Amino acid sequence: MLHTLVTRASSSTLPIVVLEADGYASWKKAQDRAIRRWIDRSEFEPRGNRVLLVPGEEGPARALLGKSDSGLWSWAGAAQRLPPGRYRVEGELSRRDATDAAVGWALAAYRFGRYASGEAPATKELVWPAEADRAEARRLVRAIGRARDLINTPAEDLGPAELAEAVREVGKAHGARTRVVSGKPLREGFGAVHAVGRGSERAPRLADLRWGDAKHPRLTIVGKGVCFDSGGLDLKNAAGMLRMKKDMGGAATALALAELVMDAKLPVRLRLLIPAVENLPGPGALRPLDVIHTRKGLTVEVSNTDAEGRLILADALAEADRESPELLVDVATLTGSARLAVGTEITPFFTNDRKLADVLAKHARRERDPVWRLPLHGGYRRHLDSRVADLKNAPSTGLAGAITAALFLREFVDDAERWLHLDIFGWIDHARPGRPIGGDPSGLRAVWATLKERYGRAPAATDPKKRSSKQPSRRKASKKKASKRKTSKKKG
């Protein structure tokens with residue numbers, strides 16, 4: 001995609017004039033009469049991402065782009081509407097707008113062409129806008145493209161081994177260390193990951209990437225890597241299974257986020273955990289009402305084998321929580337209930353930190369990457385109670401599914417100072433400029449902007465054992481409550 005951004009103009013390069021409603025009348029008045037007539041007959045107005053080619057003596061002389069509040073997507077629209085050729089921005093853009101222009105233009109060129117034959121579409125090139133942050137644009141386009149490619153790849157060619165290898169490749173490119181846990185160590189140490197993946201001939205595994213200085217704040221990212229979800233023995237119907245190659249969209253998004261962190265060299269101690277499995281109804285498949293032992297030590301009764309994503313995340317979150325990260329982020333295509341709540345174009349999220357929620361919402365608006373906070377309503381925790389185990393993986397009620405799934409995950413997060421859970425769709429159903437139908441790392445740009453604000457400057461050395469008094473450990477809090485109950489009983 002980056003080949004659509006070039007460094008030099010040529011004699012045939014057409015300028016793009018960005019027009020806003022304010023000042024448009026005076027700009028138009030200063031143009032030749034013939035140009036004004038052409039604009040009027042074309043019914044062009046500087047809004048709604050409209051694009052108009054203005055003719056000259058020997059063909060098009062310039063292009064007009066109506067600026068809107070769509071940010072990078074207005075540039076993606078321009079790239080898709082304009083004919084093949086080379087273009088440049090006329091006039092000055094702010095650093096942010098110039099970077100948006102570069103990213104939007106490049107994303108408009110995205111095609112998943114691994115299996116399709118035929119010629120590639122003609123190239124539409126944009127000369128790098130003068131003020132663009134080229135490094136930021138490159139890393140964003142690269143990370144988004146990688147995530148889209150991974151999600152779009154059929155499960156036949158992207159199983160647990162291939163997904164783990166993708167993590168290893170990205171880590172190697174940035175000097176990270178990646179360990180892949182499989183076989184007996186996985187079975188004995190990560191019982192939930194192993195239980196979900198044992199129905200497939202392709203063995204489950206856990207990719208564990210580490211990068212950065214141990215003195216920096218600990219940032220841990222976890223991504224759900226279900227390479228294909230048939231539902232297991234609680235088999236989905238054909239329509240429900242149709243897009244289930246995208247059920248590793250959380251892993252792809254988490255990997256893209258980790259790649260952005262490493263490429264930008266944020267001053268953090270990064271850890272990325274990707275549990276990678278297939279959920280298939282094979283001979284060894286997990287059965288309804290089986291009880292599995294998780295890494296945290298909690299037992300889980302499997303009330304639904306199609307609620308498998310939260311099981312593999314439970315083990316990964318428990319492992320992540322052991323290090324008491326300053327921020328723990330998990331990303332998963334977790335529930336259909338999330339889509340019922342907010343549709344396919346908004347990413348619901350949950351967090352135990354109000355300030356973090358506010359900052360994420362702010363950047364989501366700026367990045368045109370919409371998110372919406374849902375509540376961790378403790379009253380619904382009762383729906384996860386089990387008569388034979390510590391908890392069950394899916395409630396019998398069909399209501400508030402995204403919330404109960406988040407509450408399940410919260411059971412495995414005790415010591416992380418801040419926790420953020422995103423229940424993403426990971427897919428685009430309706431094509432729009434720069435967003436073709438297919439896989440997409442939902443919420444990526446909003447979270448990335450949040451991380452840049454949080455860790456954008458060099459931090460003071462931190463004691464990994466030190467905890468903010470405002471965010472007490474749930475494990476310590478629960479022990480304190482238990483101690484109070486025992487004291488109360490003795491007094492009674």
Side-chain angles (χ1 to χ4, degrees), residues 1-111 113 116-132 134 137-138 141 145 431-436:
M1 291 184 286
L2 287 170
H3 71 278
T4 60
L5 294 165
V6 296
T7 56
R8 295 181 180 179
S10 64
S11 58
S12 59
T13 300
L14 288 182
I16 299 176
V17 182
V18 182
L19 298 170
E20 300 184 57
D22 294 341
Y24 173 63
S26 58
W27 176 88
K28 181 179 174 184
K29 186 177 181 180
Q31 306 306 306
D32 293 338
R33 181 181 178 186
I35 294 177
R36 295 200 302 270
R37 290 179 62 189
W38 175 262
I39 292 173
D40 289 339
R41 289 180 178 179
S42 302
E43 299 182 345
F44 174 82
E45 294 180 16
R47 60 181 178 83
N49 304 328
R50 295 191 180 186
V51 177
L52 176 67
L53 283 174
V54 177
E57 294 182 359
E58 300 180 0
R62 68 182 66 178
L64 308 182
L65 171 62
K67 186 177 181 181
S68 75
D69 61 356
S70 298
L72 74 168
W73 302 128
S74 64
W75 287 94
Q80 290 187 349
R81 295 185 184 106
L82 290 170
R86 182 170 293 187
Y87 300 85
R88 63 175 176 82
V89 179
E90 185 174 278
E92 295 184 1
L93 297 177
S94 68
R95 184 175 180 84
R96 175 176 288 181
D97 287 344
T99 305
D100 275 353
V103 173
W105 190 279
L107 289 179
Y110 175 80
R111 299 289 185 278
S117 57
E119 297 182 2
T123 302
K124 302 174 185 181
E125 298 174 330
L126 179 69
V127 177
W128 277 98
E131 297 301 320
R134 297 192 186 188
R138 285 190 177 102
V141 172
R432 288 167 292 163
R435 292 155 287 182

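Here the structure is a predicted model, which is why all the values come from computation and not from measurement.
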Q. For the atom pair CD1 (I39) and CZ (F44), what is the distance rounded to the nearest 0.5 Å?
A. 7.0 Å
Q | CG-CH2 distance between L64 and W38, expressed to the nearest 0.5 angstrom | A | 11.0 Å
For residues [X] and [Y], determine if any side-chain heavy atom of one lies less than 4.5 Å from a side-chain heavy atom of the other.
X: T13; Y: R86; value: yes
X: V103; Y: W75; value: no
X: R81; Y: L65; value: no
X: P15; Y: R88; value: yes
X: V17; Y: V54; value: no
X: V18; Y: D97; value: no
X: V141; Y: Y110; value: no
X: E45; Y: Y24; value: no

Could you pull out the closest heavy-atom pair between [X] and [Y], with the gap in Å?
X: A101; Y: L93; answer: CB-CD1, 4.4 Å
X: L53; Y: P60; answer: CD2-CB, 4.2 Å
X: A106; Y: T4; answer: CA-OG1, 3.6 Å
X: G23; Y: S26; answer: O-OG, 2.9 Å
X: R36; Y: K28; answer: CD-O, 3.2 Å

Counting only heavy atoms not in [X], do more than 12 fall under 6.0 Å of its [atom1]?
X: D22; atom1: CG; answer: no
X: E131; atom1: CD; answer: no
X: R96; atom1: CZ; answer: no
X: R37; atom1: CZ; answer: no
X: E90; atom1: CD; answer: yes

Q) Any donor-acceptor pair under 3.5 Å linking the side chain of Q80 with the backbone of A76? A) no
Q. Is it true that a side-chain atom of R435 and a backbone atom of P433 form a donor plus acceptor pair closer than 3.5 Å?
A. yes
Q) In chain order, what residues pass the ring pair (Phe, Tyr, Trp, His ring centres under 6.0 Å) check against Y87, with sequence neighbours excluded? A) W105
